[in-house]
Each structure stands twice: as C-alpha cells, then as structure tokens.
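To start, the structure under review is shown below, and the notes come after it.
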Amino acid sequence: MASPLDPPRNCKLCPRLVDFRLDSRRDNPDWHNAPVPSFGPAHAKLLIVGLAPGLKGANRTGRPFTGDYAGDLLYQTLIKFGFAKGVYGARPDDGLTLLDVQITNAVRCVPPENKPTPAEIRTCRPYLEKTIDHLKGLRAIVALGRIAHDAVIKSFGKSLSAHLFAHGASHDLGGPTLFDSYHCSRYNTNTGVLTEAMFEAVFASVRKHIDR
Ligand code: URA
C-alpha cells in the first residue's frame with residue numbers, strides 16, 4: 001500500500017518532472033518511472049538524504065541509490081559501519097537489509113540532467129519533513145551535498161546562514177545532529193573531491209554519535 005510519507009506514483013506537483021517521467025515511461029515501460037520511496041525501517045536512528053534518483057539507477061529500480069554509480073560507495077560504506085547487512089547487488093531484490101538507517105532523497109522524482117530546480121526542491125520538501133517527523137528514534141542525518149543539506153536545514157525551520165554546508169561539518173538541529181558530506185557522485189569521486197577515506201570519516205563520526 002502507498003505510504004503517505006511518499007508521493008503518489010502519479011504525483012503531479014512538478015510539471016517538468018511529470019513530463020520527464022512520462023517520456024521515460026514511454027521509452028522504458030518496464031522501469032519504475034515514478035517517485036522513489038524511502039528505503040529502510042521506521043525505527044531508523046540515521047536518515048541519509050540524497051539529491052534525487054538517477055535516471056538509469058533509482059528511477060529504473062525504484063530503490064534510492066540502487067543501480068546508480070553513487071550507490072556503490074554508499075552501500076559499501078553502510079555495510080562497513082554496521083548500518084546495513086548483506087550484499088549490495090545494485091538491484092532491489094538483492095536482499096540487502098538496512099538495520100538502523102533510512103535513505104531518502106530531497107527530490108523524489110528523477111530530474112533531467114540530475115538537476116532539480118529550486119521550485120522542485122521546495123515543492124518536494126513536505127515529503128522530507130513528513131519522513132523526518134515519522135522517525136521517532138532519529139539521532140543523526142547525513143546530507144549528501146549542499147542541496148540535501150539546505151533541504152534538511154529548511155525542514156527544521158533553521159537559517160541557512162547560521163548552518164553553512166561544509167564537508168565533515170556537523171550541525172545541532174535541536175534533536176538529531178546533521179552531518180554534511182560531499183555527494184558520493186561519480187563526478188565527485190572521479191575528480192577526487194570526495195575520497196573513500198573522506199566519506200568513511202563522516203560515517204565513523206555518525207557511528208560514534210549514535211553509539212555514545
Ligand atoms: N541516486 C539517488 O537515489 N540519489 C542520489 O542523490 C543519487 C543517485
């Protein structure tokens with residue numbers, strides 16, 4: 001059954017994204033081609049917020065970061081730090097289990113060229129807010145990139161100027177703590193903006209924060 005925490009399959013809030021979805025449904029009728037729901041248990045202590053589904057990844061498979069280049073480093077790191085168990089097989093039936101983490105996106109529909117507009121990010125934010133509200137045991141949030149960071153800060157009604165995005169920074173949100181990381185995108189990892197060690201350092205801090 002559809003969850004009220006996720007947009008409906010035929011969400012019509014963002015006309016440009018609806019057009020893109022319909023094109024993709026026509027070109028690839030066996031893909032998911034719909035808003036991608038959050039993945040992970042309701043008792044999660046950690047929420048990871050990405051940008052938006054990739055066309056041939058999460059938009060195809062229907063699971064955040066699954067089949068996307070960025071998912072390789074993300075899921076490998078979650079397993080390494082005990083947030084997930086099993087083997088990540090880049091497909092929704094790989095049996096990978098998220099233990100105490102949920103993964104969502106600031107924008108739930110695939111945007112053209114991976115670039116949502118400011119209006120689309122704003123329009124989708126109520127779903128992020130509902131997702132956060134629903135996680136009663138939430139201790140930490142990891143924002144992957146500045147767009148996710150800004151969406152989280154606004155979801156908590158905080159000021160962006162008082163909470164600037166910086167890789168490795170953390171922000172007290174008066175409940176959970178927000179940890180910032182550069183996005184684990186192909187571009188960032190191939191150019192060395194984000195190394196595996198840098199990404200793991202963020203998750204080591206998160207693990208320590210949750211376990212203390
Ligand atoms: N796939 C997602 O689901 N989110 C991202 O931010 C990138 C790829």
Side-chain angles (χ1 to χ4, degrees), residues 3 5-7 9 11 14 16-17 20-21 24 28 31-41 44 46-79 83-84 88-94 96-98 101-118 120-125 127-128 130-132 140-155 165 167 178-191 193-194 196 198-199 202-203 206:
S3 161
L5 304 178
D6 298 313
R9 209 179 142 73
C11 182
C14 303
R16 190 182 75 117
L17 302 186
F20 197 54
R21 179 200 301 153
S24 186
N28 302 286
W31 289 7
H32 173 73
N33 291 322
V36 174
S38 306
F39 174 41
L46 168 62
L47 178 67
I48 296 172
V49 184
L51 171 59
L55 178 62
K56 296 178 183 169
N59 173 64
R60 173 177 57 84
T61 63
R63 197 176 76 176
F65 286 90
T66 300
D68 284 306
Y69 180 91
D72 291 354
L73 179 56
L74 177 61
Y75 284 114
Q76 165 194 315
T77 307
L78 292 179
I79 293 168
F83 289 109
Y88 169 64
R91 38 189 302 157
D93 60 355
D94 56 11
L96 182 82
T97 305
L98 299 189
V101 58
Q102 219 177 81
I103 308 176
T104 195
N105 280 306
V107 174
R108 302 296 195 90
C109 290
V110 56
E113 287 160 17
N114 289 331
K115 285 195 181 74
T117 65
E120 289 159 356
I121 298 164
R122 197 168 52 244
T123 301
C124 211
R125 205 169 66 230
Y127 287 104
L128 178 60
K130 283 192 255 188
T131 298
I132 291 170
I141 300 176
V142 171
L144 297 178
R146 192 186 48 75
I147 289 176
H149 164 96
D150 288 1
V152 172
I153 293 293
K154 287 182 185 168
S155 294
F165 172 80
H167 178 85
L178 171 63
F179 294 81
D180 288 340
S181 172
Y182 290 134
H183 195 287
C184 46
S185 65
R186 185 194 301 263
Y187 179 83
N188 281 349
T189 52
N190 282 352
T191 55
V193 167
L194 180 71
E196 214 170 294
M198 287 165 70
F199 200 56
V202 172
F203 282 86
V206 172

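All ligand and atom numbering here is 1-based and tracks the order in the structure. Quick note: residue numbers are just sequence positions, from 1.
- Here is the list of ligand 1 atoms found below 4.0 Å of a heavy atom in Pro53: 2 (C), 3 (O).
- Heavy atoms of other residues, nucleotides or ligands lying less than 6.0 angstrom from CZ of Arg9 number more than 12.
- Residues Val110 and Trp31 fail the side-chain proximity criterion, which asks for heavy atoms closer than 4.5 Å.
- For ligand 1, the atoms sitting less than 4.0 Å from at least one non-hydrogen atom of His183 are 5 (C), 6 (O), 7 (C), numbered in the order shown with element in parentheses.
- With rounding to the nearest 0.5 angstrom, the OG1 atom of Thr189 is 9.5 Å from the CD atom of Glu196.
- On a distance-only criterion, Gly50 and ligand 1 share no N/O pair closer than 3.5 Å.
- Numbered from 1 in the order shown, with element, the atoms of ligand 1 that lie under 4.0 Å from a heavy atom of Pro64 read 3 (O).
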_Criterion side chain to side chain donor-acceptor pair (under 3.5 Å) on Asn188 and His183, from CA distance to verdict_ = CA-CA 7 Å; Asn188 281 349; His183 195 287; 5.4 Å; no
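- Within the structure, the closest approach of Gly57 to ligand 1 does not fall below 4.0 Å when heavy atoms are considered.
- A 4.5 Å side-chain heavy-atom check between Leu17 and Val107 finds at least one atom pair inside the cut-off.
- Counting protein heavy atoms only, atom 4 (N) of ligand 1 is closest to Asn105 OD1, 2.8 Å.
- Among protein heavy atoms, the minimum distance from atom 1 (N) of ligand 1 is reached at Asp68 OD2, 2.7 Å.
- Looking at ligand 1, you won't find any N or O of Ala58 less than 3.5 Å from one of its N or O atoms.
- Between Ile141 and Leu46, the closest side-chain pair of non-hydrogen atoms is not below 4.5 Å.
- Protein heavy atom closest to atom 5 (C) of ligand 1, with residue, atom name and distance, is Ala52 O, 3.1 Å.
- By the 4.5 Å heavy-atom criterion applied to side chains, Leu74 and Phe203 are counted as neighbours.
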